[in-house]
Amino acid sequence: MPLNILILGGTAEARRLADRLAGDTRLRATLSLAGRTTEPIPVSLPVRFGGFGGVEGLRRYIADNGVDALVVATHPFAARIAANGAAAATAEKLPVLRLLRAPWVRHEGDDWHEFPDLPSLVDALGPVPRRVFVTVGRQEAHGFERAPQHRYLFRSIDPITPPLDLPDAEFLLARGPFGADVEMALMRGRGIEILVAKASGGTATYGKIEAARRLRLPVYLVARPVAADLPEVRTVDAVIAWLAQLSALRGE
Ligand code: NAP
């Protein structure tokens with residue numbers, strides 16, 4: 001019997017893993033997405049959409065579908081689903097692995113200001129109107145309504161709904177990855193003074209961080225939430241090696 005894998009996704013890494021596993025006859029894998037993005041990029045594995053209904057719902061899904069192993073490949077800021085994955089795997093005595101992208105490392109010339117949450121970051125933008133480039137995703141964009149004095153450029157994959165109650169906001173719909181040169185041109189062209197981002201890590205959205213360094217712009221970062229208590233790897237290759245080991249153990 002092939003190993004039955006559930007991948008909790010919603011990231012480029014999960015998509016890459018899914019594409020690598022498609023066609024591997026040692027296992028059967030399903031990618032789970034929360035369903036936030038209206039047009040997710042297609043992958044070569046079966047996909048299920050929507051929440052499970054907390055830890056209990058995830059446990060039920062695992063039991064009902066005969067899942068043998070869980071890979072938590074969600075975004076570093078998606079703290080709830082990772083914690084739920086950890087709790088459900090423990091309760092169901094399931095092998096589990098977290099695929100978590102490497103954090104960004106500060107380089108010389110980086111002017112980073114880190115905040116524990118978005119409200120404290122927004123308040124730190126200060127009373128003087130600034131031109132702010134916001135790249136935290138649409139789910140938390142409404143947090144900027146508490147600082148209507150700034151001139152904003154928001155970038156997100158899908159439109160922000162309901163519309164933001166801000167007098168000076170411009171919207172860019174785009175999906176990464178974005179290279180540093182393109183990011184530099186964008187920031188320079190729009191007269192950006194501050195970049196706001198989540199300290200997500202990884203390579204796909206690092207271009208803006210490099211661009212800000214080259215332009216000597218301050219970067220206001222929301223710090224990563226504490227990671228769920230799970231064994232962790234950084235690369236898709238490491239997940240594949242782990243799965244190969246599991247499937248070999250099973251074959252014995
Ligand atoms: P979250 O706060 O950790 O999760 C909220 C709820 O959404 C979870 O309790 C779960 O509902 C459902 N959920 C989340 N990921 C799921 C998945 N892969 N499959 C099925 N249900 C899922 O997560 P979030 O911040 O809303 O992020 C949602 C998704 O977007 C994640 O898959 C994440 O990887 C991706 N994403 C998030 C960010 C970010 O900055 N937060 C950025 C890029 C991509 P139930 O409790 O009902 O199971």
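Remember, it's 1-based here, ligands and their atoms both numbered in the order they're listed. For reference, positions follow the sequence shown, starting with 1. The figures that follow rest on heavy atoms only: side chains count, while hydrogens, waters and symmetry mates do not.
- Considering backbone and side-chain N/O atoms, K198 comes within less than 3.5 Å of an N/O atom of ligand 1.
- Considering backbone and side-chain atoms alike, G53 places an N or O below 3.5 Å from some N or O of ligand 1.
- Nearest protein heavy-atom neighbour of atom 9 (O) of ligand 1: N84 ND2, 3.6 Å.
- Taking hydrophobic clusters as Ile, Leu, Val, Met, Phe, Trp and Tyr residues chained together by side-chain heavy-atom distances below 4.5 Å, L121 does not share a cluster with V219.
- With respect to the salt-bridge test (charged N to carboxylate O, under 4.0 angstrom), the residues D68 and R250 qualify.
- Using a 4.0 Å cut-off between charged side-chain N and carboxylate O, R188 and E183 make no salt bridge.
- With a 4.0 Å cut-off on non-hydrogen atoms, A79 touches ligand 1 through its backbone and not its side chain.
- Shown here are the side-chain hydrogen bond (donor to acceptor under 3.5 Å, both in side chains) partners of T203, two or more places apart in sequence or in another chain: there are none.
- Ligand 1 has no nitrogen or oxygen under 3.5 angstrom from a nitrogen or oxygen of A82.
- Those atoms of ligand 1 that come under 4.0 Å of a heavy atom in G50, given as number and element, are 20 (C), 21 (N).
- Closest to atom 2 (O) of ligand 1 among all protein heavy atoms lies R80 CB, 3.9 Å.
- The nearest pair of heavy atoms linking S120 to F115 is OG-CB, 3.7 Å.
- Remark: R131 engages E170 in a salt bridge, criterion side-chain N to carboxylate O under 4.0 Å.
- Of the protein's heavy atoms, F52 N, 2.7 Å lies nearest to atom 48 (O) of ligand 1.
- Geometrically, R138 does not engage F171 in a cation-pi contact defined by less than 6.0 Å to the ring centre and at most 45° from the axis.
- Proximity of the aromatic rings of F144 and F154 is defined here by a centroid distance below 6.0 angstrom, and this criterion is met.
- Atoms of ligand 1 found under 4.0 Å from any heavy atom of G51 (numbered from 1 in listed order, with element): 11 (O), 21 (N), 45 (P), 47 (O), 48 (O).
- Looking at ligand 1, you won't find any N or O of V136 less than 3.5 Å from one of its N or O atoms.
- One side chain, R48 or S32, offers a donor N or O that lies under 3.5 Å from an acceptor on the other.
- Remark: minimum distance from atom 46 (O) of ligand 1 to any protein heavy atom is reached at G54 N, 3.1 Å.
- Under the 4.0 Å criterion applied to side-chain N and carboxylate O atoms, K198 and E140 are assigned as salt-bridge partners.
- The atoms of ligand 1 that sit less than 4.0 Å from any heavy atom of R48 are 20 (C).
- Note on R20 versus D237: salt bridge recorded, some NZ/NE/NH1/NH2 to OD/OE distance being below 4.0 Å.
- Ligand 1 places these atoms under 4.0 Å from at least one heavy atom of G10: 32 (O), 34 (O), 35 (C), 36 (N), 44 (C).
- Per-residue contacts place G9 under 4.0 angstrom from the following atoms of ligand 1 (heavy atoms of the residue considered): 18 (N), 31 (C), 32 (O), 34 (O).
- Residue L230 is found in a hydrophobic cluster whose other members, listed by chain and number, are L6, L8, F52, L58, Y61, I62, V67, L70, V72, I81, L94, V96; membership requires side-chain heavy atoms under 4.5 Å apart, directly or through intermediates.
- Of the protein's non-hydrogen atoms, the one nearest atom 5 (C) of ligand 1 is R36 NH2, 3.5 Å.
- Nearest protein neighbour of atom 37 (C) of ligand 1, counting heavy atoms only, is H75 CB, 3.5 Å.
- Under a 4.0 Å heavy-atom criterion, L58 is not in contact with ligand 1.
- Ranking protein heavy atoms by distance to atom 17 (C) of ligand 1, first place goes to A34 N, 3.5 Å.
- The ligand atoms of ligand 1 that sit less than 4.0 angstrom from a heavy atom of F77 are 39 (C), 40 (O), 41 (N).
- The protein heavy-atom contact nearest to atom 19 (N) of ligand 1 is S32 OG, 2.7 Å.
- Heavy-atom distances between G57 and ligand 1 stay at or above 4.0 Å for every pair.
- A salt bridge does not link E56 to R60: none of the charged nitrogens lies less than 4.0 Å from a carboxylate oxygen.
- Of the heavy atoms in E140, none comes closer than 4.0 Å to ligand 1.
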